[in-house]
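No hydrogens, no waters, no symmetry mates; every other heavy atom, side chains included, goes into these values. The sequence lines fix the lettering, A, B, ..., with proteins before strands; numbering per chain opens at 1.
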Protein chains: 2
Amino acid sequence: MEAKTILKEHVSKIAALSDTEFDYFFSHFKPETFKKGQTIITEGQDVDKEYFVLSGCLKTFFVNDEVKMYILQFAMPTWWASDYAALYNKTKATISVDCVSDVELLSLSNNDREKICRELHQAEHFFRWRTNKGYVATQKRLLSFMNNDTKTRYEELLALYPALYNIVPKHLIAAYLGVSRETLSRLYNASK
Amino acid sequence: MEAKTILKEHVSKIAALSDTEFDYFFSHFKPETFKKGQTIITEGQDVDKEYFVLSGCLKTFFVNDEVKMYILQFAMPTWWASDYAALYNKTKATISVDCVSDVELLSLSNNDREKICRELHQAEHFFRWRTNKGYVATQKRLLSFMNNDTKTRYEELLALYPALYNIVPKHLIAAYLGVSRETLSRLYNASK
DNA sequence: TTACGAATGTGATCTACATCACGTAACCAA
DNA sequence: TTGGTTACGTGATGTAGATCACATTCGTAA
């Protein structure tokens, strides 16, 4: 399916934009493709874009001083990804984004997002909705982190991303769950 | 300070509303006061409002099957609180909100928020900004949960809410950190 | 096809924190 | 003031998961 159609279907669920308005909205997005393993946002550098996933899978992650990686999100088609803290506050990235598989994206600069939000009330409405959805999802995940043990969180992850298990290496799943790869391996093999 | 002034100062940092527009915006808010210990949102019930804190302190929290409580947020003056998942999806509350101290609030119904967002582009802009701020803060907290040990998170909490330590009982601080009150007690007394 | 690095499995140990159990101190309400 | 509830401190013990160490398998590039 064409990039424009995918984005239109996604946005029109929430925002009532005329065809002309959507064309204008869409004109601010730029198609980009990356290969598996390529880095899109690097920790410590400037961030000026966010990304809408058309195909493939991104991961957004944080690496601490001991070089341990924690995955905040796997971004699948029609999901959005960036380091939003850095993007909005114009600070250096603390979060990185790279490609779990080959990907097709649409990129949108921070300036252009703010511009179309000013110019089109419905665009502002759409982005309010989108951020709200992310907020609620993150809060739910935080709660799950506090309340559930690793096994429960593992099952939740598979429910949330059923395709994921076959797509990504297990150490990435461990990094999403916040446990060591050894623990995940034992967990997985014990329940067979 | 008057409720209207407090909200106006808060909103005008982000949204350019004329005095007339702000009066209209404000007319959808309803002042409410509660005593320490009173419950504002109860798990399992309907949610139709969100709350802006004028004075005092709220907590939003989740209680699991084993009656263990986890605090998602302490809401201080000019902060907002609700069960946003329930509010937006019109589902029953899974999160409760109650009063850590006597509080003065402004309440806003879900319908009225959506109404003023439709009617005033700048209101929509404000709520997009507000939700984004919450999203970024929650993501940061999630990361801290994955990456930092209890002691570090304890220090982060005191940096985020310097006043809190003297205001709330320690078992609530433990519930925010996601550790037992015994562990927090030992942690605190060891570092003296 | 070979070969080398990456991904995975599995045992042995270590540790932060939970849980249980109990005692003391603080805070109200009658 | 007294009795009862809630907050807080601290020891003893249990456990999930981290860490280290090594073996095995897989994937990809030469």
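- The distance from atom CG of B:Leu172 to atom P of D:dT6 is 13 Å, rounded to the nearest whole Å.
- When rounded to the nearest whole Å, the span between CD1 of B:Ile167 and P of D:dA7 equals 16 Å.
- By the 4.5 Å heavy-atom criterion applied to side chains, A:Tyr176 and A:Phe74 are counted as neighbours.
- Atom-to-atom, CE of A:Met146 to C1' of C:dA18 comes out at 17 Å; the value is rounded to the nearest Å.
- Considering only residues two or more places apart in sequence or on other chains, A:Phe127 meets the ring-ring contact (aromatic ring centres under 6.0 Å, His included) condition with A:Trp80.
- Pairs engaging residues 79-93 of chain A under the salt bridge (Lys or Arg N to Asp or Glu O under 4.0 Å) rule: A:Asp46-A:Lys92 [sequence neighbours left out].
- A search for side-chain hydrogen bond (donor to acceptor under 3.5 Å, both in side chains) contacts involving B:Lys30 returns nothing, not counting sequence neighbours.
- In this structure, A:Asn189 places its CG atom 10 Å from P of C:dG11, rounding to the nearest Å.
- A rotation axis mapping the C1' atoms of four pairs onto the next four is fitted at both ends of the helix from C:dT1-D:dA30 to C:dA30-D:dT1 over five pairs, and the angle between these axes is 50° to 10 degrees.
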For nucleotides 26-30 of chain C, print each protein N/O atom paired with a nucleotide N/O atom at under 3.5 Å, atom names and distance only.
none

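- Taking atom CD1 of A:Ile173 as the reference point, atom P of C:dA7 lies 13 Å away to the nearest angstrom.
- Applying the side-chain hydrogen bond (donor to acceptor under 3.5 Å, both in side chains) rule to pairs touching residues 97-107 of chain A yields A:Glu32-A:Ser107, A:Ser55-A:Glu104, A:Lys59-A:Asp98, sequence neighbours excluded.
- Residues forming a ring-ring contact (aromatic ring centres under 6.0 Å, His included) with B:His171 (at least two apart in sequence, or on another chain): none.
- Under the rule for a salt bridge (Lys or Arg N to Asp or Glu O under 4.0 Å), the partners of A:Arg130 that lie at least two apart in sequence or sit in another chain are A:Glu50.
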Take nucleotides 15-25 of chain D nucleotide by nucleotide from the 5' end and write B, S or -, depending on whether a protein heavy atom sits under 4.0 Å from the base, only from the sugar-phosphate, or from neither.
--SSBBB----
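- By the salt bridge (Lys or Arg N to Asp or Glu O under 4.0 Å) test, A:Lys8 is found to be paired with A:Asp19, residues two or more places apart in sequence or in another chain being considered.
- The distance from atom NZ of B:Lys170 to atom P of D:dT6 is 18 Å, rounded to the nearest whole Å.
- What separates OH of B:Tyr188 from P of D:dG9 is a distance of 7 Å, to the nearest Å.
- Residue A:Pro169 has its side chain nearest to C:dA7 when only C:dG9, C:dA7, D:dC8 are considered.
- With sequence neighbours excluded, no residue forms a salt bridge (Lys or Arg N to Asp or Glu O under 4.0 Å) with A:Glu21.
- Under the salt bridge (Lys or Arg N to Asp or Glu O under 4.0 Å) criterion, A:Lys4 pairs with A:Asp23, sequence neighbours left out.
- Considering only side-chain N and O atoms, A:His171 lies nowhere under 4.0 angstrom from the phosphate OP1 or OP2 of C:dA6.
- Residues B:Tyr154 and B:Tyr165 have side chains in contact (heavy-atom distance under 4.5 Å, counting atoms from C-beta outward).
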